[in-house]
Amino acid sequence: MADAPDTADTPDAPTVPDAADAPDTAGGQAPRENVREDAREGLQGAEVQGEDVREGSALRERRLHPVTPLRRAWAPVAVVAGWAVHDPDQVQRQLARLTMTTLLVGLAVLVPAAALYGFLSWWFTHYAVTDSELRIRTGLLFRRTAHIRLERIQAVDVTRPLLARVVGVAKLRLDVVGTDKKDELAYLGEDDAQRLRAELLARAAGFAPETAHEVGEAPVRRLLHVPPGVLAVSLLLTGATWGMLIAAVVVPPVLWFATHSVWTVLATGVPLLGAAGASSVGRFVGEYDWTVGESPDGLRIDHGLLDHAHETVPPGRVQTVRVVEPLLWRRRGWVRVELDVAGSANSVLVPVAPREVAASVIARVLPGVTVPEGLSRPPRMAGRCLPLWWRGHGLAVTDTVFAARRGLLRRTTALVPHAKVQSVRLAQGPWARVQGLADVHVDTGANKTVTARLRDAAEAADLLYAQADRSRTGRREARPDRWMA
């Protein structure tokens, strides 16, 4: 997978180029004429890996990369391993009864069976791109055909796990409207994955089927790059990392002196160490070399130290943007930007960046939206419902977004475009009703809720009806949720 082309030297801190350098994508389809002609010629003459299985047929079906059987051969082994984990005592008793000859015979049967299963599952898996959909046929005994409509594709991501990079293959993952989990093609050759991704995006954008495969990757301009040093410092300044590490060091000795049980210590200490590693080392490995680029297809994100990922933020599908400010980041002016995208698992836009740089990237995701600075706090009587922590809540409503803030130590500001609001609710508990306070809940298309807490009851009632009007107007004026629209 080719990384996004650099247009500037690698900065010491996240930077954003001048907006004048951005390609003009407003007003409908963005042209792709600036794709290099030699790249087009290479695509036209390139040979698609995986032979056609229907010669002379209008439907051109292809197979996955020949290395795929090695991945799928692990399925029978995984079944045996799952049984062993489910009932380890029974497995131990059964193994104690077996002789070396029986074990060798079992392996002699299991290994060929796993290899045959991997080969057959690969042989009976085909995919094809038609004028309107991507078809994936799978199944040994029971055939299954997935019909993925091109206009319902939200994102096409290319991921390269460590072992896949060694053999030169990649995994293509698709976010589709109305499905909770991603469909995927694993594995394809790296070049084939890039070509198929470009073709699917071109078809979804409206290019003619006979020319879509010639369009190639849309041009990309780098917006942001997070240096590894900045990422490492940000993780060290995150309270959750230190909290997990302290818990992993303190809790196991306390449990040992209290119970003198090794199993209790291991059952508690191992998950704590795993959580501490995931919040520090795991995040560093996953967010290493984070790069955000802008293209007519949307924002592209490349990241990963061991497993490389090439993701796309679908244009028009972002429901909520969250700006997160941990306490120890505020002196440096750093923020983290997270997303809620309908039907997509992509959740991080910027792992760490100065506030001004993050705001400029947010403006690319939500055109015309600025992050409000002065959010109004709830009235002082809110302290009777939520002592001290009421100061961490805030609200701002602009012409484009509904913004609500929560948190005192780890401050989070959620931005919901008016067009993405699905419903608005007002809620009052018994004690809040006595104090004349109410909460306003805004529901989005990603099944998430943003809440403006502890507002004056009269203000909340006015906000309820005003927000409903803004949402209706925003949906009427919103641009269509299509690629390059």
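Nothing fancy with the numbering, it's 1 onward along the sequence. Because only heavy atoms are used, hydrogens play no part in the values below, and waters and symmetry mates are left out as well, while side chains stay in. What you are looking at is a predicted structure, and each value in this text was computed from that prediction instead of being measured.
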For this session: Can you establish whether the number of heavy atoms outside Arg410 located under 6.0 Å from its atom CZ is more than 12?
Result: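 Open: at most 12 neighbouring heavy atoms sit under 6.0 Å from CZ of Arg410.
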For this session: Report, as yes or no, whether the 6.0 Å neighbourhood of atom OH on Tyr288 holds more than 12 heavy atoms from other residues, nucleotides or ligands.
Result: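 No, OH of Tyr288 has 12 or fewer neighbouring heavy atoms, counting only those of other groups under 6.0 Å.
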Of all heavy-atom pairs between [X] and [Y], which one has the smallest distance, and what is that distance?
X: Ala247; Y: Pro252; answer: O-CD, 3.7 Å
X: Thr130; Y: Leu150; answer: O-CD1, 4.1 Å
X: Val335; Y: Glu325; answer: CG1-CG, 3.6 Å
X: Arg300; Y: Ser295; answer: NE-OG, 3.2 Å
X: Arg165; Y: Leu305; answer: NH1-O, 3.3 Å
X: Ala232; Y: Phe284; answer: CB-CE1, 4.0 Å

Check: [X] side chain, [Y] main-chain N or O, donor-acceptor pair, under 3.5 Å:
X: Asp302; Y: Thr291; result: no
X: His303; Y: Gly286; result: yes
X: Trp329; Y: Arg336; result: no
X: Glu287; Y: Pro351; result: no
X: Thr264; Y: His260; result: no
X: Asp157; Y: Leu174; result: no
X: Thr320; Y: Leu415; result: no
X: Trp256; Y: Val265; result: no

Exercise. Would Arg63 and Thr68 count as a side chain to side chain donor-acceptor pair (under 3.5 Å) if you check the C-alpha gap in whole Å, the side-chain angles of each, and the deciding distance to 0.1 Å?
Worked result: CA-CA 10 Å; Arg63 288 197 179 95; Thr68 306; over 6 Å; no
Exercise. Could Arg355 and Trp334 be counted as a cation-pi pair, given that NZ or CZ must be under 6.0 Å from the ring centre and within 45° of the axis?
Worked result: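 Negative - Arg355 is either too far from the ring of Trp334 or too far off its axis.
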Exercise. Ion pair present between Glu190 and Lys171, side-chain N to carboxylate O less than 4.0 angstrom?
Worked result: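 Looking at Lys171 together with Glu190, the answer is no, because their closest N to O distance does not fall below 4.0 Å.
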Exercise. Between Arg135 and Glu133, is the closest basic N to carboxylate O distance under 4.0 Å?
Worked result: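 Yes, charged N to carboxylate O under 4.0 Å.
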Looking at [atom1] of [X] and [atom2] of [Y], how far apart are the two atoms once the value is rounded to the nearest 0.5 Å?
X: Leu185; Y: Leu172; atom1: CG; atom2: CG; answer: 5.5 Å
X: Arg143; Y: Thr138; atom1: CZ; atom2: OG1; answer: 7.0 Å
X: Leu237; Y: Leu327; atom1: CG; atom2: CG; answer: 10.0 Å
X: Leu134; Y: Glu199; atom1: CG; atom2: CD; answer: 9.5 Å
X: Leu306; Y: Leu162; atom1: CG; atom2: CG; answer: 5.5 Å
X: Glu61; Y: Ile136; atom1: CD; atom2: CD1; answer: 11.5 Å

For this session: Report the C-alpha distance between Leu223 and Leu299 in whole Å, list the side-chain angles of each, state the deciding distance to 0.1 Å, and finish with yes or no for side chain to side chain contact (heavy atoms under 4.5 Å, CB included).
Result: CA-CA 9 Å; Leu223 291 178; Leu299 293 189; 3.7 Å; yes
For this session: Could you give me the CA-CA distance, side-chain angles and deciding distance for Val352 and Val230, then say whether side chain to side chain contact (heavy atoms under 4.5 Å, CB included) is met?
Result: CA-CA 8 Å; Val352 57; Val230 173; 4.0 Å; yes
Exercise: do [X] and [Y] side chains pair donor with acceptor under 3.5 Å:
X: Arg406; Y: Thr451; result: no
X: Arg137; Y: Thr145; result: no
X: His308; Y: Asp289; result: no

Exercise. Which residue pairs satisfy the ring pair (Phe, Tyr, Trp, His ring centres under 6.0 Å) criterion with at least one member in residues 151-173, sequence neighbours excluded?
Worked result: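 Applying ring pair (Phe, Tyr, Trp, His ring centres under 6.0 Å) to every pair that reaches into residues 151-173, excluding sequence neighbours, yields nothing.
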Partners passing side-chain hydrogen bond (donor to acceptor under 3.5 Å, both in side chains) against [X] (at least two apart in sequence or in another chain):
X: Arg322; answer: Glu338, Asp340
X: Asp443; answer: Ser423, Arg425, Thr449
X: Arg149; answer: Ser132, Glu151

State, yes or no, whether a side-chain contact exists between [X] and [Y] at a heavy-atom distance under 4.5 Å.
X: Ile362; Y: Val323; answer: yes
X: Val313; Y: Leu339; answer: yes
X: Val167; Y: Tyr187; answer: no
X: Trp290; Y: Leu231; answer: no
X: Asp192; Y: Arg62; answer: no
X: Val321; Y: Leu366; answer: yes

Exercise. With sequence neighbours excluded, what pairs up with Leu116 under the side chain to side chain contact (heavy atoms under 4.5 Å, CB included) test?
Worked result: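 Here the qualifying residues are Leu120.
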Exercise. Is there a side chain to side chain contact (heavy atoms under 4.5 Å, CB included) between Gln319 and Lys448 once you walk through the steps?
Worked result: CA-CA 9 Å; Gln319 306 292 313; Lys448 299 293 179 67; over 6 Å; no
Problem set entry | With sequence neighbours excluded, residues passing ring pair (Phe, Tyr, Trp, His ring centres under 6.0 Å) with Phe124 |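 Checked Phe124 against ring pair (Phe, Tyr, Trp, His ring centres under 6.0 Å); zero matches.
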Exercise. Can Phe402 and Val450 be said to form a side chain to side chain contact (heavy atoms under 4.5 Å, CB included), step by step?
Worked result: CA-CA 9 Å; Phe402 177 95; Val450 175; 4.2 Å; yes
